[in-house]
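To keep things clear, I will list the structure first and then write my remarks on it.
What you are looking at is a predicted structure, and each value in this text was computed from that prediction instead of being measured.
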Amino acid sequence: MAVDLTPRQPKKAYGGEGGAYYEWSPADLPMLGVASIGAAKLSLAAGGLSLPSYSDSAKVAYVLQGTGTCGIVLPEATKEKVVGVKEGDALALPFGVVTWWHNAPDATTELIVLFLGDTSKGHKAGQFTNFQLTGANGIFTGFSTEFVGRAWDLTQDDATKLVSSQPASGIVKLGAGQKLPAPSDEDRKGMALNCLEAPLDVDIKNGGRVVVLNTQNLPLVKEVGLGADLVRIDAHSMCSPGFSCDSAYQVTYIVRGSGRVQVVGTDGKRVLETQVEGGYLFIVPRFFVVSKIADASGLEWFSIITTPNPIFSHLAGRTSVWKAISPEVLEASFNTTPEMEKLFRSKRLDSEIFFAPN
């Protein structure tokens, strides 16, 4: 049975004055459930605080907009890491990590963070389940005041006050004068990689650029079990048709710009042909071939791949599979003349995976 691959935008799950949390649902994007992938987006207004929580899924976080602070408590750690974050930062968040996010009170833009992760061990395939430590739906409010008092050595009155003082859910806006810990450069080491500043893995003039997250430049990627990349292609450029050759799903969020996408699946059938723009998410099934062409605005996307060190095969360009296949096999496979085979092979000898417009 065919699965709908149509790109979708997220829907608001909850929020208030401090910001909002949006998520993609398998009901709207069925491939999330098929691939056991979760996707969500956090948007914090100036002064907004996303309360401490942990998730049932390992994730990669990518800062789409703004600057702010992320608090991270790794499993069995005795002290949190307070990491300054800005647009372009990617963070790997393994199982059991407790995080909080904050946008400064004097911020002029929202802090927007994308979360993509593996839900195969979670409660719901294709959707994150987050556990709030505080707030109206937090862990504290679930236990009786007797248990809260015993666990944290509080009197019954103090336990009642503590539990009843948490009316907000998930996101709050801090009052004037409330301060949070300042970010530490030391804490940032090994926790975040800025994809807009990192060395480029691919850089093709007038074509495009790629930064790949892997176990070398962000070691926690290994614990998360996911790879990721940021791809930016220039106006009217094309990304070569290609596929993941290690049985991985590719989850793509369009950061900005617009363009066209085609995906070809089994039996040579085109299973997706659509226009995409910033804010949309789609998933390419395992071994399906995908290609993109940017509009005049260019096209930028952030993807996760469900393996920490992904391997791709491309069907066009200098490193194309076709360049490796012998001329005789090519000629027979395409049922063509030697002249046409030579013409086909002679193209894209210098191009890699991005093709600038002629």
Side-chain angles (χ1 to χ4, degrees), residues 18-19 21 40 42 44 47-63 66-107 111 113-115 117 121 128-135 137-143 147-154 158-159 161-163 165-166 168 170-175 177-194 213 215-226 308:
Y21 181 83
L42 173 68
L44 292 178
L49 171 66
S50 177
L51 298 172
S53 67
Y54 62 94
S55 176
D56 64 351
S57 305
K59 305 174 185 176
V60 172
Y62 181 72
V63 181
T67 60
T69 307
C70 176
I72 302 172
V73 182
L74 297 169
E76 299 184 343
T78 57
K79 187 177 183 296
E80 70 181 356
K81 292 181 179 290
V82 183
V83 179
V85 296
K86 62 181 180 179
E87 181 178 339
D89 277 350
L91 300 88
L93 305 174
F95 281 110
V97 168
V98 172
T99 61
W100 54 263
W101 300 81
H102 178 238
N103 193 13
D106 58 352
L111 173 63
V113 186
L114 174 72
F115 300 97
K121 298 179 181 178
F128 298 132
T129 300
N130 297 320
F131 295 84
Q132 304 291 335
L133 295 190
T134 63
N137 57 346
I139 302 299
F140 269 77
T141 59
F143 283 109
F147 272 65
V148 171
R150 288 285 299 275
W152 287 277
D153 192 23
L154 299 172
D158 287 340
K161 288 179 184 177
L162 187 64
V163 171
S165 69
Q166 304 173 45
I171 299 172
V172 299
K173 185 166 185 175
L174 297 185
Q178 284 185 282
K179 293 185 178 180
L180 294 182
S184 161
D185 291 340
E186 185 65 28
D187 285 352
R188 183 179 166 88
K189 293 178 181 178
M191 298 302 300
L193 175 75
N194 190 277
L213 272 70
T215 55
Q216 300 301 310
N217 54 19
L218 195 60
L220 279 176
V221 163
K222 182 177 181 180
E223 293 186 42
V224 172
L226 301 168

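S53 has its side chain out of reach of V98: every pair of non-hydrogen atoms, C-beta onward, lies at least 4.5 Å apart. Annotation: side chain of P181 is in contact with side chain of E80 (closest heavy-atom distance under 4.5 Å). Between Q178 and L49 there is no side-chain heavy-atom pair separated by less than 4.5 Å.
Annotation for V221 and L226: closest pair CG1-O, 2.7 Å, computed over non-hydrogen atoms. Between L218 and A92 the shortest heavy-atom distance is CD2-N, 3.9 Å. Counting all heavy atoms, side chain and backbone alike, S50 lies closest to L42 at CB-CD2, 3.8 Å. Closest approach of V224 to P94, counting heavy atoms only: CG2-N, 3.8 Å. Heavy atoms only, all atoms of each residue included: G84 and P183 are closest at N-CB, 3.3 Å. In terms of heavy atoms, H102 sits closest to G48 at CD2-O, 3.1 Å.
More than 12 heavy atoms of other residues, nucleotides or ligands lie within 6.0 Å of CZ in F131, so this atom counts as buried by the packing criterion.
Taking CH2 of W101 as the reference point, atom CG of L44 lies at 9.5 Å (rounded to 0.5 Å). Here the CZ-OH distance, from F115 to Y21, works out to 7.0 Å after rounding to the nearest 0.5 Å. If you take CG on N103 and CG on L174, they are separated by 10.5 Å, rounding to the nearest 0.5 Å. In this structure, the separation between CG on L193 and CD on Q216 is 12.5 Å, given to the nearest 0.5 Å. Here the straight-line distance linking atom OH of Y54 with atom CG of N130 works out to 10.5 Å at 0.5 Å rounding. A distance of 13.0 Å separates NZ of K81 from CZ of R188, quoted to the nearest 0.5 Å.
Here the rule is side-chain contact (heavy atoms from CB on, under 4.5 Å) with V63, and of L114, L111, N194 only L111 fits it. Across L51, T69, T134, a single residue satisfies side-chain contact (heavy atoms from CB on, under 4.5 Å) together with W100, and that is T69.
No donor-acceptor pair under 3.5 Å is formed between the side chain of D187 and the backbone N or O of V83.
Aromatic pair F143/W152: ring centres not closer than 6.0 Å.
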Inset, instruction - Begin from the C-alpha positions of L91 and I72 and carry the test side-chain contact (heavy atoms from CB on, under 4.5 Å) through to its verdict. - result: CA-CA 10 Å; L91 300 88; I72 302 172; 3.9 Å; yes
